[in-house]
There are 2 protein chains.
Amino acid sequence: MTVEQRPIASAGGLRELKKQRTRDALLRVALELFTTKGYEQTTVDEIADAVDVSQRTFFRYFANKEAVVFAAQDTVEWHFVDALRERPSAEGPFTAMRRAVLSAWDTIEERLSPVVPVTLYMRTYQVIESTPALLAVHLRRSAELEEHIARLIAEREGLDIDADPRPRVAVAAFTGVMRVAGGLWGQGEDPSVAAIRELTAGYLDHLGPALADDWRA
Amino acid sequence: MTVEQRPIASAGGLRELKKQRTRDALLRVALELFTTKGYEQTTVDEIADAVDVSQRTFFRYFANKEAVVFAAQDTVEWHFVDALRERPSAEGPFTAMRRAVLSAWDTIEERLSPVVPVTLYMRTYQVIESTPALLAVHLRRSAELEEHIARLIAEREGLDIDADPRPRVAVAAFTGVMRVAGGLWGQGEDPSVAAIRELTAGYLDHLGPALADDWRA
DNA sequence: TTGTCAACTGTCAGTGGCTGACACTAGCCT
DNA sequence: AGGCTAGTGTCAGCCACTGACAGTTGACAA
């Protein structure tokens, strides 16, 4: 190479920059393939070939095939956790979680687009929901996130999570409803952020009434 | 073979009996290996060899390695669904689910022991909870079961499940709490039916209070 | 500029889960 | 007794994933 006397890298030298480029290329190519021809119909070899690296290199960037799929999902989930952290402590736990979700959806674009185009993420989420193997992993990851959130809530309320079951119980109920909303959104035909935002809000409104034992009111 | 002039098979001839025997042997050997040396440390070849069949035959009885693990779990889950079906329609949805779970645990022994010894099932459940790959599948299966239960509840209450969100929401909250209890039981040191029964009941009691937005009451 | 070190990559060989194809064996039924 | 067919073993092959080793290429100091 003759050009590139001065590496423009954001953090560190040329080496770091090349790594970021490779990772980014693998990520985008993979998601593009997954969303067009399906997750299971896409082999790791195809992804690696498209980016002109060896299969072995793919596995040095991503622990396994699934990891690519959840790279974007990860950003979205931490965005919610951050939003929850910023909720004033005066809000009750349930109110805080509810408002955190809604505010997270409102600001997801700026957080996500540097990682991956938002529409590509949306399509990826639909792939997750419709691919059994991915859905399974997604649910396990959600369970881990749930535990994390429960600890956050316990802290907020100054409770010992091992002594008081309410944090875990409240979070379980909350994320259960979220999952139902996410599932229906995945099946529906409006893959927009606004759509899932509204669906979520609506379903959360029904949690209280649904737990009352007499539904004929 | 010279003996066995008269096949004792319950349903059908000798062929059917041999099949049942093989399936049963594969199931028990597999669970025994999984619980002693771990799921991922056990290869399908080992299981097949221990039963003196080829690997190919194993895959004719079980769709994949996981399927063995969930054979017993399946029985337990349907036992709960049956218990729910038997709840008088006068009971509200939440009461019905709660009582169904408790009554299901009370009668699990007779239902399960023909399939697999109860203690072996208990140990298997701990393997599921502690093996990421299995936990993922377990959670996806639970989600399917959840949908099934939601439809049952909707029927009970004479509601259209696509119009009224309450069935899915209530079931999501309910099973969310169940999962928390199951997880803690898996980590705990008392692997008895009684233990999980009590843990479940206790956690369900906390669902109402946990959803109130002010926990300082 | 050059040389050394360390990081990154490719190649290769191998394991384990899983599948299709085909030939063989053994219950079943007439 | 003999034909039919369900069930099995063998074999070859795909794909995800891993360890080992050797080659290459940035980084950094002399």
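Only heavy atoms go into these numbers, but all of them, side chains included; no hydrogens, no water, no symmetry mates. Each chain gets a letter, A, B and so on, in the order its sequence line appears, and its residues count up from 1.
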For atom [atom1] of [X] and atom [atom2] of [N], their distance in whole Å:
X      : N       : atom1 : atom2 : result
D45(B) : dT10(D) : CG    : C1'   : 13 Å
R21(A) : dT9(C)  : CZ    : C1'   : 17 Å
E40(A) : dT19(C) : CD    : C1'   : 14 Å
F59(A) : dT9(C)  : CZ    : P     : 15 Å
Q41(B) : dG17(C) : CD    : P     : 11 Å
E16(A) : dG26(D) : CD    : P     : 14 Å
L14(B) : dA6(D)  : CG    : P     : 16 Å
F58(A) : dC17(D) : CZ    : P     : 8 Å

Picking from [options], which would you name as closest to the side chain of [X]?
X      : options                   : answer
N64(B) : dC18(C), dC8(C), dG9(D)   : dC18(C)
R15(A) : dG26(D), dG17(C), dG10(C) : dG26(D)
Q55(B) : dC18(C), dG10(C), dC8(C)  : dC18(C)
T22(B) : dT8(D), dC18(C), dC8(C)   : dT8(D)

Spell out yes or no: do the side chain of R56(A) and the base of dG19(D) have one donor N/O and one acceptor N/O closer than 3.5 Å?
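It does, because a donor-acceptor pair links the side chain of R56(A) to the base of dG19(D) below 3.5 Å.
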K19(B) vs dG7(D): side-chain N/O to OP1/OP2 distance below 4.0 Å:
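Affirmative; the distance criterion is met.
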Should K18(A) be listed as having a side-chain N or O under 4.0 Å from OP1 or OP2 of dG26(D)?
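For dG26(D), OP1 or OP2 has a side-chain N or O of K18(A) closer than 4.0 Å.
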Taking the side chain as every heavy atom from C-beta outward, state whether W185(A) and T200(A) have any pair of such atoms under 4.5 Å apart.
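They are not in contact (no side-chain heavy atoms under 4.5 Å apart), so the answer is no.
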Is [X] touching bases, backbone alone, or none of the nucleic acid, heavy atoms closer than 4.0 Å?
X      : answer
A63(A) : sugar-phosphate
Y61(B) : sugar-phosphate
T57(B) : sugar-phosphate

Backbone N/O of S142(A) and side chain of R179(A): donor-acceptor pair under 3.5 Å
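Not confirmed, R179(A) side chain does not pair with S142(A) backbone.
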Judged by atom type as modelled, is there a donor-acceptor pair below 3.5 Å linking the side chain of T131(A) to the main-chain atoms of I128(A)?
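No, the answer is negative, given that no donor and acceptor are paired below the 3.5 Å cut-off.
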Taking only Lys NZ, Arg NE, NH1 and NH2, and the carboxylate oxygens of Asp or Glu, determine whether E155(A) and R151(A) approach each other closer than 4.0 Å.
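Between R151(A) and E155(A) there is no salt bridge, as every charged N stays at least 4.0 Å from the carboxylate O atoms.
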So, E146(B) and R168(B), do they make that salt bridge, N to O below 4.0 Å?
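No, no charged N to carboxylate O under 4.0 Å.
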